[in-house]
Amino acid sequence: MTTDVPHKRLFLPGPVEVAPEVRAAMSTPMIGHRMSECSDLIRRIRPKLQQALFTKNPVFLGTAAATGFQEACFRNLCAQRALSAVCGAFSERFALMGQANGKPTDTYAVEWGQPNTADVIGEKLASRKYDLFTMVHNETSTGVMNPVEEIARVMRDFPEVMFCVDAVSSLGGVKIEPDRLGIDVLFASVQKAFALPPGFTVLAVSERAIEKAKTVKDRGNYFDFVEMREYDKKDQTPFTPSIAHMFALDRQLDRMLKEGVENRFARHQAMQQRAHGWGREKFGLFAKPGYESVTLTVFRNQNRFEFKALNSHLSATRGLVIGDGYGKIKGSTFRIGHMGDATLGDLNEVLSGIDEFLAKH
Ligand SMILES: *Cc1c(COP(=O)(O)O)cnc(C)c1O
């Protein structure tokens, strides 16, 4: 560890630790969002972000939490009826965005801990009722990673359906190739595997999606993809963006590309192996075998201890915190985020802290 101001280190499934030099980039002296310096900044970020996201499509910088872009998928891309795959709390919220915005939305829900599967999605879409499909790649409440490659293969049979993927807690830590997979909107807020402060979202949006949006009424204004694309062509954003985040993103993309995205993915894989190997024998994992997340682990607590006592121990002895269970499985599960800039060494420290606690309880 490099020296840093004393603070609680975060091993939550977001927000996560932010490197001191990235935090420092946020206090770069301010520029105006219509100044050429801001367009220069956008032009610096764009090719790096496209490289990190494996896309040649437009990439947008969104000043909002990712939830805003869940809403945007419905507002921009649903004129008819949506199908939303649900497998936990975040995908449930994504589906609710349809209803909340007056879009007829059907859900394909599975039990928590289970994945959404390609065959069922294919069967449902075969009714030809839908023009939008939404899913969460990495369900942060259950630790399930959905089989996006298989789902993408099924989506090829439904070119009339817009394909929107919330990859909020996996993008930047797991390889997802939107152009190859035919994903129309792929998005993530940056406080998870991108390891930036919260409140900002990156997204890759296909030209096809922008063309479709042009035909959809009542898209709203703040999250209008058509408007975002028009400004993007001028290397601007429609409204005043969080320029501090953009400075930080520029710096973090440099760090990500310097590490090498493939090395970054391998580092996340190694942490997953370690967390899962350790947790499988001690607790059991919540996710169905074969569908476990790469960026976080949801462990079964089996009522062995009170989570608060564990976190107090970790905080007092090692200056770090992990995540409680989420939603209806809070209490019976707990979570460790092993994503962003975290290393295997960091994770080992977390696990040693838990082992130490368990020896006393
Ligand atoms: C954290 C998370 C969200 C919510 O992100 P915000 O930036 O808080 O809106 C949505 N989906 C998933 C899968 C998440 O992990």
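In this text, all values refer to a predicted model and were calculated from it rather than measured experimentally. Order of listing sets the numbers, starting from 1, for every ligand and every atom in it.
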Are any of the N/O atoms in [X] less than 3.5 Å from those in ligand 1?
| X | answer |
| --- | --- |
| Thr140 | yes |
| Asp166 | yes |
| Ala65 | no |

Taking the side chain from [X] and the backbone from [Y], do they hold a donor-acceptor pair closer than 3.5 Å?
| X | Y | answer |
| --- | --- | --- |
| Asn311 | Ile322 | yes |
| His245 | Pro198 | yes |
| Arg75 | Asn221 | no |

Problem set entry | Parallel, tilted or perpendicular: ring planes of Phe74 versus Phe94, cut at 30 and 60 degrees |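 Phe74 vs Phe94 ring planes: perpendicular.
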For this session: Please work out whether the ring planes of Phe283 and Phe334 are parallel, tilted or perpendicular, with thresholds of 30° and 60°.
Result: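 Judged by the thresholds at 30° and 60°, the geometry between Phe283 and Phe334 is perpendicular.
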Need the ligand 1 atom indices (1-based, order shown) with element for anything under 4.0 Å from a heavy-atom of [X].
| X | value |
| --- | --- |
| Val136 | 13 (C) |
| Asn138 | 13 (C) |
| Ser169 | 15 (O) |

For this session: Calculate, to the nearest 0.5 Å, the distance between atoms CD and CZ belonging to Gln269 and Phe265 respectively.
Result: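 CZ of Phe265 is found 10.0 Å from CD of Gln269.
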Problem set entry | Residue portion contacting ligand 1 (non-hydrogen atoms closer than 4.0 Å) for Glu139 |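 Contact part for Glu139 vs ligand 1: neither.
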Problem set entry | Region of Thr201 that comes within reach of ligand 1 [heavy atoms, distance under 4.0 Å] |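 Under 4.0 Å from ligand 1, Thr201 contributes no heavy atoms.
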For [atom], what's the nearest protein heavy-atom neighbour? Residue, atom name and distance, please.
| atom | result |
| --- | --- |
| atom 3 (C) of ligand 1 | Phe90 CD2, 3.5 Å |
| atom 9 (O) of ligand 1 | Thr67 OG1, 2.5 Å |
| atom 8 (O) of ligand 1 | Gln191 NE2, 3.8 Å |
| atom 7 (O) of ligand 1 | Ser189 OG, 2.7 Å |

Exercise. Heavy-atom contact under 4.0 Å between Lys192 and ligand 1?
Worked result: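 Judged by the 4.0 Å heavy-atom criterion, Lys192 does count as contacting ligand 1.
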Problem set entry | Asn57 and its side-chain contact (heavy atoms from CB on, under 4.5 Å) partner, picked from Asp179, Val205, Val185 |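 Answer to the side-chain contact (heavy atoms from CB on, under 4.5 Å) test with Asn57 among Asp179, Val205, Val185: Asp179.
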For this session: Find out whether the Lys NZ or Arg CZ of Lys192 is both under 6.0 angstrom from the six-membered ring centre of Phe90 and within 45° of the ring's axis.
Result: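 Ring-cation test returns yes.
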Problem set entry | Sidechain N-carboxylate O distance under 4.0 Å for Arg46, Asp232 |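 So Arg46 pairs with Asp232 through a salt bridge.
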